[in-house]
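Chain letters run A, B, ... following the sequence lines, proteins first, then strands; residues in each count from 1.
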There are 2 protein chains.
Amino acid sequence: MARKQGSHSDITGPKVRDAALRLIARHGCAAVSMRQIAAEVGVQAGALYNYTPDKQSLLFDLMCTHMDELLAALADAPIYGTAMARLEAFTRFHIRFHLPRRDQVFVSYMELRNLTPENFAKVEALRRQYEDALETILKDGEAEGVFALPDTRVSTLALIALLTGITNWYRANGRLSIAEVEEIYWSLVRKAVVAA
Amino acid sequence: MARKQGSHSDITGPKVRDAALRLIARHGCAAVSMRQIAAEVGVQAGALYNYTPDKQSLLFDLMCTHMDELLAALADAPIYGTAMARLEAFTRFHIRFHLPRRDQVFVSYMELRNLTPENFAKVEALRRQYEDALETILKDGEAEGVFALPDTRVSTLALIALLTGITNWYRANGRLSIAEVEEIYWSLVRKAVVAA
DNA sequence: GTCTATACCTCGATAGAC
DNA sequence: GTCTATCGAGGTATAGAC
């Protein structure tokens, strides 16, 4: 803690990212100025450039970090067993991971169009990895004969849209707990995919 | 057609709205300048203010128009009969209406946060009307005993998210026609809600 | 590492000529 | 109805003192 005054690299860095995430989720990247982010952190605008070369890199960093954390958490999640068991585990994992991360989800979906083409391609590749994890489960379930799907790829995207849509209405202090939301959505997902 | 040169009110007006819609859908409202919109239309920036008092009104107008058209089309759609028949008709209507309107859907969902509180409330009220149309169908189906849902309100929002998500991946020249997409999603929706 | 100050640019919106 | 010209504000990013 004995630290030279004015030197806060390891404190200010995360604060910059937190403030940027919150403000961009709320107002959109183009609508938020570097001055606003700096004010939220409690520094002057020029100081931000010790932590990011420019605004685009800051946005890209936020989105990449989100996707990296998602894929790392997915790799650690207990998803194994039959296709049905894995689909349930994936569904619950998706909800549990995304619901407490409203801002990250918002930014990762809405600000794709503000990325440079190179950065966009990188984020899309990460997203595709995540989608493929679900698609593999669905394919396995079809092979087992336990799932019946009209189109495996489209069903993958449909289920992800269904689940991610929760972040648009869920409120932490609303009438439903995360556990209750999990039950509701697992019920819908299971019925939608199961063979008749 | 014998029209005084320089007088194009009924031509330029729609062109302004079309250009604004396309550019805002692509880059976001805050990222698009009035000068860019004017350039797309082929006039100077100042001329835009003959068609909108300010940028906020232009955005609000785009979103309101979309919701009004949606509700008018819904009122005209052939949605009647049993709850199952109405759910199928609603599903197909939703897909048919939204798929050719990518830009409108994008703007209506992503730019809500850039509306003033008053304008936001108005658009939300329109959206709520649309959601309630589906919720009524689901409630009726439960009363008939033909649907079994874990939570009617949440299921309503879940189905709308599922269906609207199509606009994120559908391409007019892709491997699937709109009719095929309808079949795939109706299959998923029907199975998700039907009583066992 | 943060500050102040600033270069340089683009923004939304308006005024007045045509 | 559109143009040119412009105002005042606020944008990103940098320079140099501390």
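- For dT10(C), neither phosphate oxygen OP1 nor OP2 lies less than 4.0 angstrom from any side-chain nitrogen or oxygen of S33(B).
- When heavy atoms are screened at a 4.0 angstrom cut-off, V32(A) is found touching the sugar-phosphate backbone but no base atom.
- For Y130(B) and H94(B), the ring centers are positioned less than 6.0 Å apart.
- When each of dA13(D), dG11(D), dG1(C) is scored by its nearest atom to the side-chain atoms of Y51(A), the top-ranked nucleotide is dG1(C).
- Rounded to an integer number of Å, the gap from CG of L58(B) to P of dG12(C) is 11 Å.
- Taking atom CD on Q56(B) and atom C1' on dC11(C), their separation rounds to 16 Å, with Å as the unit.
- The side chain of T12(A) contributes no N or O atom lying less than 4.0 Å from OP1 or OP2 of dG1(C).
- As rounded to whole Å, 15 Å separates atom P of dA13(D) from atom CD of Q36(A).
- In this entry the distance linking CG of L48(A) with P of dT14(D) reads 13 Å, nearest Å.
- Following rounding to the nearest Å, K55(B) (NZ) and dA9(D) (C1') show an atom-to-atom distance of 15 Å.
- Separating the CD1 atom of I37(B) from the P atom of dG12(C) is a distance of 8 Å, rounded to the nearest angstrom.
- Candidate nucleotides dA13(C), dT12(D), dC3(D) were compared by shortest atom distance to the side chain of Y49(A), and dT12(D) ranks first.
- Relative to the side chain of R35(B), the nucleotides dC3(C), dT6(C), dG12(C) differ in distance, and dG12(C) lies closest.
- Side-chain atoms of E142(B) and T152(B) form a donor-acceptor pair, as typed in the model, at a separation below 3.5 Å.
- Taken to the nearest 0.5 Å, the OG1 atom of T164(A) stands 12.5 Å off from the CZ atom of F106(A).
- Among the nucleotides dG1(C), dG12(C), dT4(D), the one closest to any side-chain atom of N50(A) is dG1(C).
- Spacing between atom CG of D54(B) and atom P of dA13(C) amounts to 5 Å, rounded to whole angstrom units.
- Checked against M63(B) for a side chain to side chain contact (heavy atoms under 4.5 Å, CB included), the options E111(B), Q104(B), K122(B) give a single hit: E111(B).
- With 3.5 Å as the limit, one finds no donor-acceptor pair spanning the side chains of D68(B) and T65(B).
- Across the interface with DNA chain C, nearest-nucleotide mapping of P53(B) and Q44(A) shows Q44(A) to be the residue nearer the 5′ end.
- If you find the closest nucleotide of DNA chain D to M34(A) and to G42(B), the one lying nearer the 5' end belongs to G42(B).
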